[in-house]
Amino acid sequence: MEQYVIKGGAPLVGDVEIGGAKNAALGILAASTMTDETVLIENVPDVRDTKVMMQAMESIGVIIDHIDRHTIKVNGRNIRSQIVDGDYIKRIRASYYLIGALLGKYKSAEVTLPGGCNIGTRPIDQHLKGFKALGAKDAGVVGGGMIVAHADHLKGAHIYLDMVTVGATINLMLASVMAEGQTIIENAAKEPHVVDVANFLNCMGANIKGAGTDVIRIKGVERLHGTEYTIIPDQIEAGTFMFAAAVTKGDVTVRNVIPKHLESISAKLIEIGCEIEESDDAVRVVATGRLDHTHVKTLPYPGFPTDMQPQITVALGLATGTSIVTESIFENRFKYVDELIRMGANIKVESSTAIIEGVDKYTGAGITAPDLRAGAALVIAALAADGYTTVDDIRYIERGYEDFDTKLRNLGAMIEKVDNDRDIQKFKLRVG
Ligand code: UD1
C-alpha cells in the first residue's frame with residue numbers, strides 16, 4: 001500500500017500552481033451531462049474524486065474525450081440509463097449531483113447513496129425535500145441505499161433550506177434549471193464553487209440569478225446548450241499550501257488563485273503572525289518566528305472553511321499559548337487529533353471544540369490519514385516535525401490533491417511516495 005515518507009524540518013520556499021476546484025468540478029461535471037451538445041471544460045483537477053465522477057458518467061453512456069490532463073470534452077447525448085450504481089460510486093459524496101442532473105434532464109434518477117469523507121453523519125434530507133417540492137414526489141432512499149427521484153413534470157418551487165448546505169444548493173440548482181417557471185432557493189450556500197456551478201449553467205443557457213448570495217432565483221429554460229468553461233482555482237488546495245508555509249516557517253507564493261476566495265484564510269494567517277502579500281492572482285505567505293495563538297470557528301462561506309479546520313489546528317498546535325478551534329459544520333471532524341497527539345501535540349477535544357496548548361515541536365511518527373483534509377493537515381505536521389513520519393492511507397489525500405507530494409517536493413519538502421520498506425530506507429539514506 002502506498003505511503004508518504006517525510007523528513008521534517010525544511011521550510012517550504014517557492015511558488016506553487018493551484019489546480020481547478022475539486023468541489024466545483026464535481027458539480028460542473030454533473031451539470032455537463034444536461035445538454036445533448038458537447039461541452040468543453042478546462043482546469044479539471046486530475047484527482048481521484050473527479051476520476052470516479054467521470055467513471056460514473058461513462059457508465060450511463062456519457063462520452064468523455066480527454067484533450068489533455070486538465071481539459072475534457074463531455075457529450076451527454078447518448079445517455080442510455082438514469083441508474084448509476086456500483087460500489088465504486090460510494091467512494092465519492094458528490095455522486096449525488098447526478099441525481100439533480102438526471103432528474104433535471106430526464107425527470108428520473110437512481111443513484112447509489114454517497115460515501116465520501118467520514119467526518120460525521122451527512123444527511124441528504126434537504127436535497128430530498130427540494131426534489132419533492134419540484135415534483136419528484138417519491139424522492140427518497142430505498143432498498144439498501146439507492147437515492148431515487150422521479151417526476152412526471154418538474155415545476156419551480158420556493159424552497160427554504162433548514163441549514164446552509166453546499167450540496168443541496170447545487171443539487172437543487174441542477175434539478176430546477178429546466179423546470180417550468182421560477183424556483184427560489186432561500187438560505188442558499190454562498191461558496192465560490194456554488195457560484196462557479198451557477199456560472200457554468202448560465203453559460204449553457206440557464207437563467208440563474210443571485211448565486212453567491214443567500215437567495216438564488218432560477219427561471220426554468222427549455223433546454224441547455226454546449227459551451228466552453230474554465231473551472232475556478234481550488235480555495236482549499238491554496239489554503240493548504242498557505243498553512244504549510246506558515247507551519248514550516250517558509251515563504252510560499254500560491255499562484256493561479258482568486259485572492260478574494262482566500263480572505264478568511266489570509267486573515268487568520270495574519271492574526272497568527274504571518275505576512276501576506278496579495279496580487280491579482282497570487283498570494284504570498286511568509287512566516288518567520290513562532291506562530292501566535294488564536295480562536296477560530298468554522299462557518300459557511302465567507303467564514304473560515306470547515307475544510308481548512310485540520311490545517312489551522314495543526315498550525316495552532318505549534319503556536320504560543322492556548323488556542324480554541326470550534327467546528328460548527330460537521331460533528332465528527334476532530335478524529336485526526338489522536339494522530340497529532342501521537343506526534344506530540346497537546347490538544348483536548350470536547351464535543352465540537354478543540355482546546356490547544358501549543359507545543360515547541362512535533363515529533364515524527366507512523367500515522368494514518370483518516371480523511372482527505374485531515375490527511376493533508378497531518379502531512380503538514382510531518383513537514384514541521386523532528387525526524388521521520390510515515391503517512392498511511394494516502395488514497396484519501398489523493399481524492400482531492402493533485403500531485404501533492406511533487407508540489408511539496410518542488411517547494412523543498414523532503415517527501416516521497418513509497419510502497420515498500422526498501423524505498424523508505426533508500427529515502428532515509430538520501431535525505432540523511
Ligand atoms: C461540501 C463539500 C465539503 C465541505 C462542505 C462544507 C463537496 C463535494 N463537498 O460537502 O468538502 O466540507 O461542503 O463546506 O462539495 N446537511 C443536512 N442535510 C442535508 C445536507 C446537509 O443536515 O440535506 C448538513 C450536513 O450534515 C452538514 C451541513 O449541513 O452539517 C453542511 O453540509 P453541506 O454543505 O451539504 O456539505 P456537503 O455538500 O456534503
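Start at 1 and go down the list; that is how both ligands and their atoms are numbered. All of these numbers come straight from a predicted model, not from anything done at the bench.
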Should you measure from each heavy atom of [X], which atoms of ligand 1 turn up under 4.0 Å away?
X	answer
Gln126	18 (N), 19 (C), 23 (O)
Tyr96	37 (P), 38 (O), 39 (O)
Arg333	12 (O)
Arg93	39 (O)
Ile124	19 (C), 23 (O)
Gly167	35 (O), 38 (O)

Contact check, [X] vs ligand 1, heavy-atom distance below 4.0 Å:
X	value
Val164	yes
Ala189	no
Met53	no

Point to revise | Name of the residue among Thr368, Thr389, Asp419, Asp392 meeting side chain to side chain donor-acceptor pair (under 3.5 Å) with Gln3 | key: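 Only one of Thr368, Thr389, Asp419, Asp392 forms a side chain to side chain donor-acceptor pair (under 3.5 Å) with Gln3, namely Asp392.
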For [X], is the [atom1] atom crowded, meaning more than 12 foreign heavy atoms sit under 6.0 Å from it?
X	atom1	result
Asp280	CG	no
Lys219	NZ	no
Lys297	NZ	no

Is the shortest distance from a Lys or Arg side-chain nitrogen in [X] or [Y] to a carboxylate oxygen in the other one below 4.0 Å?
X	Y	result
Lys129	Asp162	yes
Lys407	Glu402	no
Lys51	Glu398	no

Please confirm whether [X] comes within less than 3.5 Å of ligand 1 when only nitrogen or oxygen atoms on both sides are compared.
X	value
Leu26	no
Thr306	no
Met163	no
Asp125	yes
Asn23	yes

Review point. Passes side chain to side chain donor-acceptor pair (under 3.5 Å), Thr322 versus Glu357? Steps please.
Key: CA-CA 5 Å; Thr322 309; Glu357 298 296 341; 2.9 Å; yes
Review point. Hey, is His127 touching ligand 1 through its side chain, its backbone, both or neither, going by heavy atoms under 4.0 Å?
Key: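 Both of them.
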Review point. Quick one: which of Ile329, Asp307, Leu372 has a heavy atom closest to atom 4 (C) of ligand 1?
Key: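 Checking each option, the heavy atom nearest atom 4 (C) of ligand 1 is found in Asp307.
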Practice item. From the options Ala94, Pro300, Pro123, select the one whose nearest heavy atom is closest to atom 26 (O) of ligand 1. Key: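 It is Pro123 whose heavy atom sits nearest to atom 26 (O) of ligand 1.
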Check your understanding: Taking the side chain as C-beta and beyond, is there a heavy-atom pair between Ile397 and Val379 under 4.5 Å?
Key ->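 Of all side-chain heavy-atom pairs linking Val379 with Ile397, at least one is under 4.5 Å.
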Exercise for review: Answer yes or no: is there a side-chain heavy-atom contact under 4.5 Å between Leu262 and Ile265?
Suggested key: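 Counting from C-beta outward, Leu262 and Ile265 do come under 4.5 Å.
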**Study point:** Centroid-centroid distance, Phe241 to Phe404, less than 6.0 Å
**Key:**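 Ring-ring flag for Phe241/Phe404: true, centres closer than 6.0 Å.
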